[in-house]
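Structure first, then comments.
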Amino acid sequence: REKIKQFALQEEKRQKAEKIHQQQKHDNQMREMVGQCESNIRELQQLQNEKCHLLIENETQRLKALDEDHNQQLKDWRELLRPRKQALEDELNQRKKDQQMFFKLSEDSEYQSPSSPNKVAKFFPYSDSSTT
């Protein structure tokens with residue numbers, strides 16, 4: 001009987017020691033896995049930050065290129081503005097001169113009306129409203 005009690009006590013101690021050993025082993029594995037997960041998280045955050053910086057840099061370059069293109073278009077437009085304005089002004093001045101000449105000729109050329117030989121007739125230009 002004594003040997004059985006002693007054996008049971010030793011077995012209980014052995015099982016308890018084994019249980020403690022296994023618990024420590026699992027705790028160590030858990031710490032290692034938590035450490036690995038934290039390391040993976042830091043690595044992923046670093047990769048995400050790098051991608052974000054690359055994206056920002058790429059977008060900045062794209063916006064800079066668009067801005068430069070816009071500025072060049074604006075510069076070209078401004079350079080062409082003076083000659084276009086001058087051409088329009090020249091055309092308008094020519095039209096004005098033509099109109100003045102036409103009206104001056106109309107005023108100067110006073111013809112007598114065939115229906116009344118003593119009356120002077122004035123001619124005014126006919127402007128068709130459908131063409132304007």
Closest non-hydrogen atom pair, Ile56 against Thr60: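 That would be O-OG1, 2.6 Å.
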Side chains of [Y] and [X]: any donor to acceptor distance under 3.5 Å?
X     : Y     : answer
Gln24 : Asn28 : no
Asp76 : Gln72 : yes
Glu18 : Gln22 : yes
Gln23 : Asp27 : yes

Partner of Asp67 under side chain to side chain contact (heavy atoms under 4.5 Å, CB included), chosen from Asp69, Leu63, Asn71: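 So, applying the side chain to side chain contact (heavy atoms under 4.5 Å, CB included) to Asp67 and each of Asp69, Leu63, Asn71, only Asn71 qualifies.
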Positive for side chain to side chain contact (heavy atoms under 4.5 Å, CB included) with Asp98, one of Gln94, Gln100, Met101: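 Of all the options given, the one that passes is Gln94.
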Is it true that atom [atom1] of [X] has more than 12 heavy atoms of other residues, nucleotides or ligands lying nearer than 6.0 Å?
X     : atom1 : answer
Leu92 : CG    : yes
Glu79 : CD    : yes
Arg95 : CZ    : no

Roughly how far, to the nearest 0.5 Å, is the [atom2] atom of [Y] from the [atom1] atom of [X]?
X     : Y     : atom1 : atom2 : answer
Gln10 : Gln6  : CD    : CD    : 5.0 Å
Asn49 : Leu44 : CG    : CG    : 11.0 Å
Leu66 : Gln61 : CG    : CD    : 12.0 Å
Lys25 : Met30 : NZ    : CE    : 15.5 Å
Cys52 : Glu57 : SG    : CD    : 11.5 Å
Arg82 : Glu89 : CZ    : CD    : 11.5 Å

Short side-chain to backbone donor-acceptor contact, Ser39 and Gly35, under 3.5 Å: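 No, the answer is negative, given that no donor and acceptor are paired below the 3.5 Å cut-off.
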Sidechain-backbone polar pair: Asn58 side chain, Leu54 backbone, donor-acceptor under 3.5 Å: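 Not at all, since once roles are kept as given, no pair shorter than 3.5 Å links the two residues.
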Intermediate values then yes/no, side-chain hydrogen bond (donor to acceptor under 3.5 Å, both in side chains), Asp90 and Gln86: CA-CA 6 Å; Asp90 292 345; Gln86 188 61 48; 2.9 Å; yes
Within-4.5 Å side-chain heavy-atom neighbours: Trp77 and Gln73: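 Of all side-chain heavy-atom pairs linking Gln73 with Trp77, none is under 4.5 Å.
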Which residues share a salt bridge (charged side-chain N to carboxylate O under 4.0 Å, His left out) with Arg14, sequence neighbours left out: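 For Arg14 the salt bridge (charged side-chain N to carboxylate O under 4.0 Å, His left out) partners, ignoring immediate neighbours, are Glu11.
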Salt bridge (charged side-chain N to carboxylate O under 4.0 Å, His left out) involving Glu59 - partner list, sequence neighbours excluded: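 Partners of Glu59 under the salt bridge (charged side-chain N to carboxylate O under 4.0 Å, His left out) test: Arg62.
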